[in-house]
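The block underneath contains the structure these notes are about, expressed in structure tokens.
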There are 2 protein chains.
Amino acid sequence: MDVKTKQRYEARARVIKAMAHPSRLFMVDELSRGERCVCELRDMIGADISTISKHLSVLKDAGIVEDEKRGLQVFYHLRVPCILNFFGCVEDVLVANARRMSATIRK
Amino acid sequence: MDVKTKQRYEARARVIKAMAHPSRLFMVDELSRGERCVCELRDMIGADISTISKHLSVLKDAGIVEDEKRGLQVFYHLRVPCILNFFGCVEDVLVANARRMSATIRK
DNA sequence: TCATTACTTGGTTATTTTGCCAACAAGCAA
DNA sequence: TTGCTTGTTGGCAAAATAACCAAGTAATGA
């Protein structure tokens, strides 16, 4: 694999990696319903606000969300809506896994 | 967030996490073109075969690929084709990021 | 000006991930 | 049987991640 191809997969992996955490996945899902401030996400997820803030900056660095400060609050919103397509397919995998599990148990 | 919701996002994150590595992303992309044996993937990626094997077992545990031994070789294939939808969207993010970068430089 | 709220950033510690080597298993062929 | 090839698994060291606390910044209101 040449250097350029390798870099292309590294770039793609960085975007996917940004979503590869339960809290960040929840944030993306929640932001798909509209913008949310950091404190709203903190209330929903229930972690320290510094933890929430760092997760959001991971999503921001990956180019998945954008932020906008208004008054005291910082609102985040999705930058690329197609991210939601992920959920449907991930759900398909999970359904297939559930089937596999029950088939394994029956054996 | 209640326990059940949390578990749902954890399950989803596990699937996405399995793809969140350049080599594993390459494998998924390559397997979308047809089955490949471990040694073919090793030749393309250029890592130790034990490393390749472990990456494949991560994808297998997540339910993304399946394996089939024939003779001396083990062939892997995609289990859920919709995984490919990811690539299109990830590409959109990268294109948007590239635009943002050049806009930033211009400033 | 001073306090308060909403975040971000730095630092620390604990956990997870990654990649290689060594050792082992399984299929095949001489 | 013996040797060779293909792949998996265990173990280890290095690197990356994650979560919290503490400290600092920025906007607002008393």
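All chains are named by letter (A, B, ...) in the order of the sequence lines, taking the proteins before the strands, and each is independently numbered beginning at 1.
Counting only N and O atoms by type, the side chains of B/Thr5 and B/Asp2 include a donor and acceptor under 3.5 Å apart.
In this structure, A/Arg100 does not pair ionically with B/Glu66, as no charged nitrogen and carboxylate oxygen lie closer than 4.0 Å.
Between the CD atom of B/Glu40 and the C1' atom of D/dT5 there is a distance of 15 Å, rounded to whole Å. Rounded to whole angstrom, the span from the CD atom of A/Glu68 across to the C1' atom of C/dC7 amounts to 15 Å. Look at CZ on A/Arg36: it is 18 Å from C1' on C/dA6, rounded to the nearest Å. With rounding to whole Å, B/Ile52 atom CD1 is found 19 Å from D/dT5 atom P. One atom, CG of B/Leu56, and another, P of D/dT8, lie 7 Å apart when rounded to the nearest Å. For the pair B/Asp67 CG and C/dG27 P, the interatomic distance rounds to 13 Å; values are reported in whole Å. Taking atom CG on B/Leu72 and atom C1' on C/dC24, their separation rounds to 15 Å, with Å as the unit. Atom pair B/Gln73:CD and D/dT5:C1' shows a separation of 9 Å (rounding to whole Å applied).
Among the heavy atoms of the strands lying under 4.0 Å from B/Tyr76 are primed sugar atoms or P, OP1, OP2 only; no base atom is included.
Side-chain atoms of B/Cys37 lie closest to D/dG7 of the nucleotides C/dA6, D/dA26, D/dG7.
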Just the table, please: protein N/O against nucleotides 11-21 of chain D N/O, every pair under 3.5 Å.
residue, atom, partner, partner atom, Å
D/dG11, O6, B/Lys54, NZ, 2.4
D/dT17, OP1, A/Lys17, NZ, 3.4
D/dA18, OP2, A/Arg24, NH1, 3.2
D/dA19, OP1, A/His21, NE2, 3.4
D/dA19, OP2, A/His55, NE2, 2.7
D/dC20, OP2, A/Asp48, N, 3.4
D/dC20, OP2, A/Thr51, OG1, 3.0
D/dC20, N4, A/Lys54, NZ, 3.1
D/dC21, OP2, A/Asp48, OD2, 3.4
D/dC21, N4, A/Ser50, OG, 2.9

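With sequence neighbours left out, the salt bridge (Lys or Arg N to Asp or Glu O under 4.0 Å) criterion links B/Asp67 to B/Lys60.
Checking side-chain atoms of B/Ser53 against main-chain N and O of B/Ser50 turns up no donor-acceptor pair under 3.5 Å.
Within a 6.0 Å radius of CE in A/Met101, no more than 12 heavy atoms belonging to other residues, nucleotides or ligands are found.
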